[in-house]
Number of protein chains: 2
Amino acid sequence: MRRDVFQAIADPVRREIIELLATETLSVNEVAEKFEISRPAISKHLKILNECGIIDFNQIGRERLCLIQPQKLIPAFLWIKQYNKLWEDRIDSFENYINQIQTKNDKK
Amino acid sequence: MRRDVFQAIADPVRREIIELLATETLSVNEVAEKFEISRPAISKHLKILNECGIIDFNQIGRERLCLIQPQKLIPAFLWIKQYNKLWEDRIDSFENYINQIQTKNDKK
DNA sequence: AATAAATGTAACTATTCGGTTACAAATATA
DNA sequence: TATATTTGTAACCGAATAGTTACATTTATT
């Protein structure tokens, strides 16, 4: 079973969980309440996020608080970031092309 | 069938295809030759990448050239990027903590 | 001590995923 | 025209995914 950050953020529910936990620390039940799906389903998503280190648990009595570990997103960030030169060049060359046409039209 | 950039880059083979096509445009067969798995398997991966716009095809005779469209990675990039303030603060506070300890030790 | 609350997990199901082999179709070459 | 090349796709398979309900366990409350 593959368990990496790319696979973790592939699921829209897990991305939403990350979004929630980025603003506040919540217990398992509090996370589950924010969704339509069952608590065990959320429990599984949290387990997957925990297995790749994106969240840690902090047991307080009978509650488990879910703490985000945002630095675990860095590898995925860097993988995508290596292509930003590529898409910026693409956009630049498109803008140059537009400017070129613009200049031609201005001359008319 | 969900088909978005997050799901596209979740698979390691597809990430490798993106890496290949970032440096050169290749035909379907040329892509397949770089992998151990069968050509139809690669064909499926290319189809998925195409369905979410990450690659375009350019038919030249009987060959189909695979052209990367790196700007399609931008939404995934931005989604992750919104957390970089979060992990930078985390790293900063860790560094501050280390510096604090260091300063204490220096005083001894 | 009895009950309520928070949570994990087992068992099950339907669907998707990632691979395979076999075959068909289109195009280039001899 | 016959053959080789490039490619897509159908049919199949096993494993993983994402959900469910039912139940067990631990901790807090009454």
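In what follows, chains carry the letters A, B, and so on, assigned in the order in which the sequence lines appear, proteins first and then strands, with residues in each chain numbered from 1.
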Problem set entry | Protein-to-nucleotide contact annotation, 5' to 3' order, nucleotides 25-30 of chain C [B base; S sugar-phosphate only; - none; under 4.0 Å, heavy atom] | --BS--
Problem set entry | Under 4.0 Å protein heavy-atom contacts per nucleotide of nucleotides 9-15 of chain C, with B for base, S for backbone only and - for none | B-B----
Any residue meeting side-chain hydrogen bond (donor to acceptor under 3.5 Å, both in side chains) with [X], in chain and number order, not counting sequence neighbours:
X: Asp56(B); result: Gln69(B)
X: Glu19(B); result: Trp79(A)
X: Glu88(B); result: none
X: Gln82(B); result: none

Let me know the distance between [atom1] of [X] and [atom2] of [N], rounded to the nearest Å.
X: Glu63(A); N: dA4(C); atom1: CD; atom2: P; answer: 18 Å
X: Leu46(A); N: dA6(C); atom1: CG; atom2: C1'; answer: 13 Å
X: Phe57(B); N: dT6(D); atom1: CZ; atom2: P; answer: 16 Å

For this session: Quick one: list whatever passes salt bridge (Lys or Arg N to Asp or Glu O under 4.0 Å) with Glu51(B), sequence neighbours left out.
Result: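 Only Arg3(B) meet the salt bridge (Lys or Arg N to Asp or Glu O under 4.0 Å) criterion with Glu51(B).
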For this session: Please list, chain by chain and in numerical order, all residues satisfying salt bridge (Lys or Arg N to Asp or Glu O under 4.0 Å) with Lys85(B), sequence neighbours excluded.
Result: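 Testing Lys85(B) for salt bridge (Lys or Arg N to Asp or Glu O under 4.0 Å), a comparison that skips the adjacent residues, returns Asp89(B).
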Problem set entry | Residues touching DNA chain D, which here means a heavy atom under 4.0 Å, drawn from residues 5-38 of chain B |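 The answer is Ser27(B), Val28(B), Asn29(B).
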Exercise. Who else is in Ile60(B)'s hydrophobic cluster (ILVMFWY, side-chain heavy atoms under 4.5 Å, direct or via others)?
Worked result: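 For the cluster that includes Ile60(B), the remaining residues are Leu65(B).
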Problem set entry | Backbone N/O of Gln7(A) and side chain of Arg14(A): donor-acceptor pair under 3.5 Å |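 It does hold such a pair.
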Exercise. Within less than 4.0 Å of OP1 or OP2 of dT17(D), is there a side-chain N or O belonging to His45(A)?
Worked result: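 Checking His45(A) against dT17(D): no side-chain N or O falls below 4.0 Å of OP1 or OP2.
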Exercise. Which pairs, with at least one residue in residues 30-57 of chain A and sequence neighbours excluded, count as a ring-ring contact (aromatic ring centres under 6.0 Å, His included)?
Worked result: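 Non-adjacent pairs meeting ring-ring contact (aromatic ring centres under 6.0 Å, His included): zero.
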Problem set entry | ring pair (Phe, Tyr, Trp, His ring centres under 6.0 Å) partners for Phe77(A), two or more places apart |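 Ring pair (Phe, Tyr, Trp, His ring centres under 6.0 Å) check on Phe77(A) returns Phe77(B), Trp87(B).
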